[in-house]
Amino acid sequence: MNATALNSALQDLPVGEVHYFASIGSTNDFAAERIQAGASPFSVVVADEQTRGRGRGGRGWFTPPGAALAFSMLFYPQEQPAERLALFGGLGALAVARAFEELYRLPAAIKWPNDVLLGDAKTCGVLAEAHWEGSRLKGVVLGIGVNVTPGSVPPDTALQFPATCVEAALGRRVDRLALLRAVVAALLAEYPRLGGAGFLRDWQARLAFRDRRVQIIDAGVAVQEGTIAGLMPDGRLQLRDSSGQLHRIGAGELHLRPLE
Ligand code: BTN
């Protein structure tokens, strides 16, 4: 991967600035600086290696050189309501799932709120971060990390949730720039549908563990148990408890764990 190859992979897509780093702390941090500088919508920041990659819940994100896809994209939503932010995580996950399906014919599932699974193992994580100017939403950075080669799968994740990579799921080498191009194209195609009925239907159709019993985990502690019933229009999860009552679970820093 290099700047020339990156620019040519994205050349016919309506993106904004394109930044390439052989190594950087976190593409989300650099993208946040570009939001503050007022960079164009759909600007893209790509890194071959991240030395301080960030995941949800304050966790790190492993991005060794030459092994993963790690990038961030800038959005300037017109509508302000804070709940739309949860939808951005869904946007990232849906775009990656679509790219996996279209490029490799691999069926992908989305583990709420926004992990992409191949064969029930995590292959991609999404980190959507809002940037404010006072009480006004200035922009959103959508960070996407995909495990591409076996070297990108962190050694210790099996304890939290099993992880895999695209090459293991596919059984052959993967061109990271072709994958990036497909994900960026899917993000641009899905963004105008954000929060609409079709967008929610497509996200919901890929929900992992649908109709199965799961636990909702908050900071390592199980806070709710139930069966996944679907999604709310704002991206919250609907969970049915054992008495049949529906609970709406906001994304925040929560994640879920299947029980069976
Ligand atoms: C998760 O915890 O599942 C979310 C992981 C998000 C990782 C991506 S890699 C590109 C971008 N830069 C970061 O520092 N994090 C995101």
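Counting starts at 1 for both ligands and their atoms, in listed order.
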Within ligand 1, which atoms have a heavy atom of Gly53 less than 4.0 Å away? 14 (O)

Looking only at protein heavy atoms, which one is nearest to atom 9 (S) of ligand 1, and what is the separation? Gln50 NE2, 3.4 Å

List ligand 1 atoms under 4.0 Å from Phe71, heavy atoms only on the residue side. 10 (C)

Let me see the working for Glu17 and His19 under side chain to side chain donor-acceptor pair (under 3.5 Å), right down to the final yes or no. CA-CA 6 Å; Glu17 300 172 357; His19 297 271; 2.7 Å; yes

Checking a contact table here: which protein heavy atom is nearest atom 5 (C) of ligand 1, and how many Å away? Trp61 CE3, 3.3 Å

Proximity to ligand 1 by part of Arg59, non-hydrogen separation under 4.0 Å: neither

Heavy-atom contacts with Gly55 under 4.0 Å: which atoms of ligand 1 show up? List them by number with element. 1 (C), 2 (O), 4 (C), 5 (C)

Please determine whether salt bridge (charged side-chain N to carboxylate O under 4.0 Å, His left out) holds for the pair Glu101 and Arg206, giving the CA-CA distance in whole Å, both sets of side-chain angles, and the decisive distance to 0.1 Å. CA-CA 11 Å; Glu101 292 159 3; Arg206 290 168 179 78; 2.9 Å; yes

Think Lys111 forms a cation-pi with Phe209, using NZ or CZ under 6.0 Å from the six-ring centre and within 45 degrees of its axis? no

Atom 2 (O) of ligand 1: nearest protein contact (heavy atom, Å): Arg56 N, 2.7 Å

When rounded to the nearest 0.5 angstrom, what distance separates CZ in Arg181 from OG in Ser8? 10.0 Å

Determine the minimum heavy-atom distance between Phe100 and Leu118, stating which atoms define it. CD1-CD2, 3.6 Å

Pair Thr123, Asn147: side-chain N/O donor-acceptor within cut-off below 3.5 Å: no

Quick one: which ligand 1 atoms are inside 4.0 Å of a heavy atom on Thr27? 10 (C), 11 (C), 12 (N)

Nitrogen or oxygen atoms of Thr63 and ligand 1 under 3.5 Å apart: no

For Ser152 and Ala67, the nearest pair of non-hydrogen atoms, with its separation, is CB-O, 3.5 Å

The option among Arg54, Met73, Lys122 carrying the non-hydrogen atom nearest to atom 3 (O) of ligand 1 is Lys122

Mind checking whether Tyr191 and Phe88 have parallel, tilted or perpendicular rings, split at 30° and 60°? tilted

Under 4.0 Å to a heavy atom of Asp115 - the qualifying atoms of ligand 1, by number: 3 (O)

Contact partition for Ile144 relative to ligand 1, non-hydrogen atoms under 4.0 Å: backbone

